[in-house]
Structures are given as C-alpha cells and as structure tokens.
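Below is one structure, written out as structure tokens; the observations come after it.
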Amino acid sequence: MPPIVTRFAPSPTGYLHIGGARTALFNWLYARGHGGQFLLRIEDTDRERSSPEATDAILQGLKWLGLDWDGDVVSQFDRRHRHAEVAHQMLARGNAYKCFCTQAEIEAFRESARAEGRSTLFQSPWRDADPATHPDLPYVIRLKAPRLGETVIEDAVQGRVVFRNDQLDDMVCLRSDATPTYMLAVVVDDHDMGVTHVIRGDDHLNNAARQTQIFHAMDWPVPVWAHIPLIHGEDGKKLSKRHGAVGLHEYAAMGYPAAALRNYLARLGWSHGDDEFFNDEQARQWFDLAGIGRAPARLDFKKLANLSGLHIAAMEDATLLSALEVYLAATDAPALTAPDRDRLSQALYCLKDRSKTFPELLEKARFLLVARPVVPDAAAEKSLDTVSRGILKKLTMRLQNASWERETLEGAVAEIAAGTGLGLGKIAGPIRAALAGRTVTPSVFDMMLVLGQAETLARLEDASL
RNA sequence: GGCCCGUUCGUCUAUCGGUUAGGACACCAGGUUUUCAACCUGGGAAGAGGGGUUCGACUCCCCUACGGGCUGCCA
C-alpha cells in the first residue's frame with residue numbers, strides 16, 4: 001500500500017468557511033491517521049477573485065484549528081506553465097484539440113438550445129477538423145472526451161456513480177489566453193503532487209467525472225475519490241451568511257476551543273459508533289472514509305457548546321491558559337497582566353468545570369480579575385440588603401483570625417448560617433455579591449481560597465458597609 | 001430542461017435483511033446542590049410517500065415528493 005497523500009485546496013476568495021474547515025479536517029485526519037501526508041494548495045488561477053489577504057486568512061484559520069500541513073503551500077497560479085504543457089501533451093496524444101469557436105458563438109448556441117428545450121451540451125465543429133484547415137485565430141484546447149460508453153466514479157463515500165459519456169461535453173482545458181481552467185489544473189496538480197485521496201465537498205461529484213476523463217487522457221492513475229456532503233445551516237438550507245457564523249474565525253471569536261471544534265466538526269457527517277466526545281489521538285485512530293455519511297448535516301450550536309464545555313473541562317491548565325490568551329488576542333481584548341495570569345492559573349481548577357466557552361469562563365473568573373472596590377451588578381445588588389450586610393459583617397469578624405483552609409471556612413460559614421437561622425444557600429448569595437459582584441461564580445469557598453484572606457476580608461467588609 | 005447526489009427522534013447519528021430501531025445533544029419531570037456548570041433517575045421523540053423483491057425490510061430495486069449539486073474560456 002503506497003503512502004497516503006491528501007490535500008486541501010481552497011480558492012482564496014475570502015475567509016476559511018466552516019465547511020471548508022471540515023473538509024480540511026477530514027483530509028488531515030485521514031492523512032495523519034494513516035501515516036500519510038496532508039498537503040495544501042491554493043487554487044488561485046482566477047486572478048480576479050483571488051487575493052493574498054484571503055490566502056493569509058485561510059492559512060490563519062487552519063493554524064488556529066490546529067491543522068498542520070506538510071511541505072510548502074502550493075500556488076496553483078504558479079504552476080500555470082506546467083498546466084499548459086500538459087494541455088499540449090494531450091494535444092500531441094490526440095486526446096485534445098484546438099477549438100476556434102468564440103465565446104459569443106457558444107453563448108448563442110446555448111441560449112437557443114435552452115429556449116428550444118434541446119441539450120445545451122456544446123459539440124465543437126473543430127473536434128475532428130484537419131489541422132491544415134486551422135485559421136490563424138485565438139483558440140482554446142478542449143479535451144476530446146469519449147462520446148460513447150460511460151465514465152465511472154468509484155467513490156469511497158457515494159459508492160459507484162455512473163455518468164453516460166454523451167452527457168459530458170468536451171471541456172475547455174486551456175483558455176484562449178493560454179491559462180488553464182480549474183478542471184485541468186486540479187488534475188495536473190493532484191497528479192504532480194502525488195495525491196492519492198481526494199476528499200472534498202460533494203458539489204464536486206460531477207466534476208470528478210470530467211476530471212477522470214483527463215486522468216484517462218494522460219494515462220495517469222485516478223485517485224480515490226471521497227465526496228463528502230456539505231454542511232447546512234440550522235434551518236437545513238445551504239449555509240450562507242444569513243445563518244450567522246460561517247467563517248471559522250467567528251467560532252474562534254465566540255470562544256470555542258479549537259479542540260472542541262475539531263471534535264464537533266469530525267462528528268458532523270462522520271461517526272465511529274456511538275463515540276461523541278473524543279480527542280485528536282482517538283480521532284486519528286478512528287477516522288476512516290467508510291464512516292462518512294451521505295446526507296448533509298446541519299450545524300447545531302447546542303451540541304457544539306456541550307462538547308466545548310467537556311473539552312474545556314478536560315484541558316490541562318497550561319493548555320487552557322494559552323488558549324484563553326489566544327482567544328483574548330483574537331477578540332482584541334487586553335492581554336492578561338502577569339499577576340492576572342498567575343491568579344487565573346491558580347483558579348482554573350474551579351472554573352473549567354463550569355464553563356462552556358472562554359467568555360463564560362472569563363466571566364466566572366471576574367472575581368479575581370477586578371480590583372476593589374467590587375461593583376455589584378443589578379442581580380448581585382439585590383442580595384445585598386440590610387440583613388445580609390449584617391451577616392457579612394459577622395462573617396468578616398468571624399474570619400478575622402480563621403486559618404485559611406477549606407474546612408475552616410466551610411465551618412465558619414455554616415456556623416454563621418446556623419446562627420442566623422438561614423441555610424447556606426441564602427448566605428452564599430451575599431458572599432458572591434461581595435466577592436465577585438456577580439450571582440454566577442465558582443463556589444464561595446473556592447473564591448475565598450483563591451483571593452486569600454486579606455483580599456477576602458476587605459471585600460466582605462466593603463460590602464457590609 | 002438534462003445529468004448526479006441525498007431523505008432514521010427537533011438536531012448529530014447507530015443499524016451494513018431478522019433489534020422492544022440504540023446512543024448523544026436539546027427538551028420535560030424528579031433528585032443532588034451555595035448560584036452557574038456538572039452529576040444521577042425517569043419521560044416524550046424517528047425510518048418522506050407509494051409500489052415491488054423476500055419467509056422477513058430502515059436496510060435491496062423502481063416510481064413520486066421534497067432538499068441539494070452540476071450543467072462556464074468560475075473554482
């Protein structure tokens with residue numbers, strides 16, 4: 001079995017799409033799980049719509065998602081001479097021909113064909129013309145596609161797909177300005193790059209037939225095809241801007257860990273039995289083409305959030321901390337100061353189990369990121385009435401000389417609670433308000449321990465006045 | 001219009017001719033609990049429709065409906 005080579009080949013017309021990200025992930029998982037290579041090629045032959053900014057955005061997106069590629073990024077445009085060379089080879093082999101029809105002529109033909117309900121497949125009169133009759137005019141090079149028989153795609157996901165050759169016309173391979181078309185460029189590049197498995201969106205399924213004809217024309221081995229269904233929005237329609245987040249960077253900005261997105265995206269359209277929550281190691285081990293479904297999947301943010309929470313909880317503190325810093329940078333938020341970073345890292349143990357996203361974690365970490373005086377929000381303010389202020393005052397005194405350990409603190413608070421005839425639940429509210437200025441926080445004891453005795457007492461006293 | 005692909009709980013999916021059609025997320029009820037999160041118990045929830053093939057179809061075939069893709073000298 002030859003080594004596996006996959007590739008991701010986006011066209012640089014914008015940011016990295018969530019669907020593209022999944023395609024890249026599948027290619028990456030397949031290559032990495034089989035000891036193969038994962039290559040990256042930018043399909044920038046359309047100069048009008050390509051931009052270096054878009055290429056950069058795509059690269060950044062892949063890096064954020066944690067998908068590393070092998071070798072240099074290939075620019076399809078840079079290979080245009082090679083593409084033209086192959087077009088001429090096909091010409092020499094008699095598998096292609098020069099066509100002198102103008103675009104206007106073809107356009108007119110298609111229009112009338114459509115109007116009359118006839119097939120719009122264009123059959124060039126130059127297909128079998130004697131080169132001696134060739135005019136001195138611009139021409140394109142068309143593939144001399146077989147007219148009889150059928151072209152068969154053996155797709156690892158879709159199964160056997162058969163196209164009748166009389167349904168496929170002689171596609172243009174080299175334009176009249178000598179630049180290659182996408183159809184030719186893909187085949188030449190995939191061949192030259194040694195790509196063994198083409199895993200891409202099923203919007204390319206029909207193209208696979210045309211590309212197969214080019215592979216045949218050059219006598220090149222046809223790669224294994226795997227056309228995966230597209231991702232749809234929550235309403236089941238094709239994903240578009242109106243669905244909200246379609247750019248990968250938007251997911252980064254919403255504060256989902258890349259590991260969670262990898263897990264979620266992998267499960268969208270692919271499955272390994274009942275496994276839902278897994279890490280990269282497992283994904284690489286389990287991923288295979290046979291596990292890919294044929295129906296389009298919808299984005300489900302609830303499930304993403306659930307997985308996100310599980311991944312945050314499972315992260316090592318150091319990993320989590322640096323992911324948080326990446327998140328902060330991505331959202332243009334101020335970076336953590338060294339002391340904040342320290343405190344945060346000490347508190348992660350009581351934060352990561354209760355947060356589904358980074359902003360949620362940061363909100364719960366607020367108690368240690370703000371300085372006195374702690375200003376309570378409206379909800380927290382409500383729990384600071386006269387009675388509770390009195391309780392806080394008592395608690396402050398009670399904790400004055402307490403040893404700063406969990407058991408002591410729990411005991412002291414329980415004692416105060418008992419003394420007032422209230423449950424712990426009732427006095428936890430005011431303590432939260434005093435220490436964090438919020439109603440949603442980690443355990444009050446965890447906050448006290450993280451904050452330390454002096455700061456805790458100061459905050460309790462502030463709130464009791 | 002032509003060609004191609006798809007269709008199991010609300011959502012992601014398991015099932016590869018024989019299951020009370022399983023799991024997860026979400027939802028509802030209850031429990032635990034210092035809030036949130038997490039956790040525990042229970043619950044409702046699915047094979048698009050119609051024909052075949054077969055002793056037996058979610059599973060194989062055909063038709064219809066619905067969704068999607070392609071039909072460019074775009075990628």
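Any value given below was found using the heavy atoms of this structure, including those in side chains, with hydrogens, waters and symmetry copies removed. Proteins get letters first, then strands, A, B, ... in listed order; numbering begins at 1 in each.
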**Item:** Under-3.5 Å donor-acceptor pair between Arg294(A) side chain and C5(B) base
**Value:** no
**Request:** Please evaluate the base of G72(B) for a donor-acceptor partner in the side chain of Gln103(A) within a cut-off of under 3.5 Å?
**Result:**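 Side chain to base: no pair below 3.5 Å.
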Whether [Y] and [X] form a salt bridge (side-chain N of Lys/Arg under 4.0 Å from carboxylate O of Asp/Glu) is what I want to check.
X         : Y         : result
Lys352(A) : Asp317(A) : yes
Arg459(A) : Glu461(A) : no
Asp275(A) : Arg267(A) : no

Starting at atom [atom1] of [X], determine the distance to atom [atom2] of [N], rounded to an integer number of angstrom.
X         : N      : atom1 : atom2 : value
Leu16(A)  : A75(B) : CG    : P     : 20 Å
Tyr264(A) : A24(B) : OH    : C1'   : 12 Å
Leu304(A) : A26(B) : CG    : C1'   : 14 Å
Asn207(A) : C4(B)  : CG    : P     : 15 Å
Asp446(A) : C36(B) : CG    : C1'   : 13 Å
Asp202(A) : C70(B) : CG    : P     : 9 Å

**Prompt:** Between Phe77(A) and Arg79(A), is there a cation-pi geometry (under 6.0 Å to ring centre, at most 45° from the normal)?
**Reply:**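 Not satisfied by the 6.0 Å and 45° rule.
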**Item:** Flag, side chain of Asn165(A) to backbone of Arg147(A), donor-acceptor distance under 3.5 Å
**Value:**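 Judged by distance alone, no pair lies under 3.5 Å.
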**All side chain to side chain donor-acceptor pair (under 3.5 Å) counterparts of His232(A), not counting sequence neighbours** =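 Applying side chain to side chain donor-acceptor pair (under 3.5 Å) to His232(A) gives none.
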**Request:** Taking only the side-chain heavy atoms of Leu205(A) (C-beta and beyond), determine which of C5(B), U13(B), A37(B) contains the nearest atom.
**Result:** C5(B)
**Message:** Taking only side-chain N and O atoms of Thr45(A), does any of them lie within less than 4.0 angstrom of OP1 or OP2 on A75(B)?
**Reply:** yes
**Asked** When you compare C16(B) with A26(B), how far apart are their P atoms, in angstrom units rounded to a whole number?
**Response** 28 Å
Enumerate the protein-to-nucleotides 32-34 of chain B contacts in which both atoms are nitrogen or oxygen and the separation is below 3.5 Å.
from	atom 1	to	atom 2	distance (Å)
U34(B)	O2'	Arg432(A)	NH1	3.2
U34(B)	O2	Arg432(A)	NH2	2.5
U34(B)	O4	Ser443(A)	OG	3.1

